[in-house]
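All remarks here apply to the structure that follows.
Lettering of chains follows the sequences in order, A, B, ..., and the numbering in each one begins at 1. Fair warning: this is a prediction, and the values are worked out from it, not measured in the lab.
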There are 2 protein chains.
Amino acid sequence: MVRSRITIYDVASYAGVSYQTVSRVINQSKRVKAETREKVEAAIKELDYSPSRLAQSMVTQKTRTIGLVVADITNPFFFEVARGVQDTALAQGYNVFVCNTDDNPQGEQDVLTLLASQEVDGVILSTASSTDEELLAFAENYKPLVVINRDIDHPKASLVNVDICKGAKLAVEHLIDRGHTHIAMLSHEGHLPEHVRRVLGYRETLEAHGITPNDEWLVLAPPNLMGGYEATQELLRKHPEITAIFTYNDLMAIGAMRGCHDMGVKVPQDCAIMGFDDIKFSAMTQPSLSSISFDKYVVGQKAMQRLFEMFDEPDTTFAPIPLDVKLVIREST
Amino acid sequence: MVRSRITIYDVASYAGVSYQTVSRVINQSKRVKAETREKVEAAIKELDYSPSRLAQSMVTQKTRTIGLVVADITNPFFFEVARGVQDTALAQGYNVFVCNTDDNPQGEQDVLTLLASQEVDGVILSTASSTDEELLAFAENYKPLVVINRDIDHPKASLVNVDICKGAKLAVEHLIDRGHTHIAMLSHEGHLPEHVRRVLGYRETLEAHGITPNDEWLVLAPPNLMGGYEATQELLRKHPEITAIFTYNDLMAIGAMRGCHDMGVKVPQDCAIMGFDDIKFSAMTQPSLSSISFDKYVVGQKAMQRLFEMFDEPDTTFAPIPLDVKLVIREST
DNA sequence: AACAGAAATGTGACCGCTCACACGAACGTG
DNA sequence: CACGTTCGTGTGAGCGGTCACATTTCTGTT
């Protein structure tokens, strides 16, 4: 039975009060007599009334909806973050639009303007494809913005930053500890190596240990299983001297391990593999994957909490939220 | 600069027409003189106006938003489906709320009522935790509903069904072909085996080949990596006679392979492992995983397309959309 | 008993848009 | 040139709420 919507007026006349009183009950205003409140609550229950969020949003100009922009929800890193965001949002009655940009700068702009027109209350962004300028423009003109793993400087944008440099350092030092000196790296083809903190950490750590980074050993590929697989095969064919590979993320690392296997290169004996992100699969691969671990769920959680803080205090500028990483040593190194 | 919202009235007075004319231009009504339309379009561009979806939804009672209910977006199966849904929705200007139920029936009910109050235009559901009755009640009282991989019978609910029975049959027959007769199965602890089509297919196929299913060999566990890992170890400890395992999904299978490995059981020599879903990881594991494959992205795409059809023709009852599966043989069997 | 002040409730306007309708101008027709 | 049609545009109302303010009722004080 598709009954036409029950409005606040229906409840009001059923309870014998004015619509405004019903509104007060809904909004938990103190200014309602206990007795009246009960009457209204009974009416609400009786009529199975629930207020239209649309109408509420219309007048309050708050939608209780936020946008989450990620490169690709298909990547286990992002969906763990997404869960953290969603769960935290839901607990406060907020909903989340998840948008994929596929690491495409134009897509990212489209998605941001779409979100703006959707009238979300805020945006959490975890991508690196749009330029800082575009992002700054968005923060300036539109809604509160929380940015994950990216350094931009704007009073209306907040940061949540995993200590990626430290992660890269731990990873490379671990490989050096294991006696490796010919350490290659697989990075994300979508980004300039100069802007990728993993690459910077990789280079710095090598240099700190007296090893000169060899640019031939830095390969750019799509940051997924197939990208890691193919890049590894090409790399090892060209540079058989390599004995260790550090990758942009675990997806690439898992592809890399399979790439080694298919070439008859044994992991870790012939070539050690080191990932980044510590996704759940990494403990289950064969050999299991050493990686840099941090709590992705917490990343999402903190980002959402920060967004809530920004709603409450719109004019405050918040300090970045740092998140620590740790090295997880498994069989692949 | 947070300028207060530009409304249709601003555009109207800027262009020197009435607000209704602007509305007509926005809604691509034919009833506007070309000349006027240009004036209005220029004004829109000039003022950088975009209509408030909120206000539009308010009056049209359509939000251009749909809800996607999945058990856990963290499962690769679901997020590939989710991508299919999202991409298809976005192409038509629709947004998607993704909700996780964590396979918790109460959570599912909560999510459904939340979505109803959110005033989504429709719902796509791919979970099995709520009862058929609850789902029917939802379809009856609320919005168009597309259900994935589940048989419910209601004129207002549409189905997209992967041929899971066939998948289970192909899987088990393949194991039998390989000479196995002691074939165990790992299923989803959240559902009664009698309702799981994979289990039905498993039992039927065994019987069809003269093998009596042994209930001791059917283990229920959480449908994830760890669930597969632990269940496998327990199973093989109790029943070392088992030489093949068919799992509810690839996540469990990957956990199972690792479980075998850690017990010194070689895959596939000592024990073959057969998955279901063919997620991307399965080609990259070591050994790579045999599985039942179907296009998860297309599942999402078809579900969304069907929902659009339901919007267009609210009173039509649509036939279920079938999707075929195929066997992918890799190294684990 | 009279009055101020707080507490409880009611009324008008409006959020930004679309719908149904009204209205005048332009058009062809006999 | 009076007529009905079509076309182009404008007006009133209302979607379902909340806000600011007005109004009434209940307190407490002297």
- Message: Does B:N100 form a side-chain contact (heavy atoms from CB on, under 4.5 Å) with B:V70? I'd like the steps, not just the answer.
- Response: CA-CA 5 Å; B:N100 300 294; B:V70 298; 3.7 Å; yes
- Candidate pair A:S57 and A:E119, rule side-chain hydrogen bond (donor to acceptor under 3.5 Å, both in side chains), full reasoning: CA-CA 9 Å; A:S57 301; A:E119 286 136 33; over 6 Å; no
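Shown here is A:K302, whose NZ atom has no more than 12 heavy atoms of other residues, nucleotides or ligands within 6.0 Å.
Contact check on A:R306 versus A:E309 returns a salt bridge, with a Lys/Arg side-chain nitrogen under 4.0 Å from an Asp/Glu carboxylate oxygen. Ion pairing between a basic and an acidic side chain is recognised when a charged N comes within 4.0 Å of a carboxylate O; A:E38 and A:K33 show no such pairing.
Rounding to whole angstrom units, NZ of residue B:K62 and C1' of C:dC19 are separated by 14 Å. Residue B:D10 contributes atom CG, which lies 11 Å from atom C1' of C:dG16 at whole-angstrom precision.
Axis angle between the ends of the helix from C:dA1-D:dT30 to C:dC27-D:dG4, five pairs each and rounded to 10 degrees, works out to 50°.
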- Note on the structure: Contact string for nucleotides 8-18 of chain D, one letter per nucleotide 5' to 3', B = base within protein heavy-atom range under 4.0 Å, S = sugar-phosphate only, - = neither, reads SBBBB--BBBB
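Note on ring orientation: taking the six-membered ring where Trp is involved, the planes of B:F311 and B:Y94 are parallel (angle under 30°, cut-offs 30° and 60°).
Of the N and O atoms on the side chains of A:T63 and A:D121, at least one donor lies less than 3.5 Å from an acceptor on the other residue. Checked by atom type, the side-chain pair A:E108/A:T127 shows a donor-acceptor distance below 3.5 Å.
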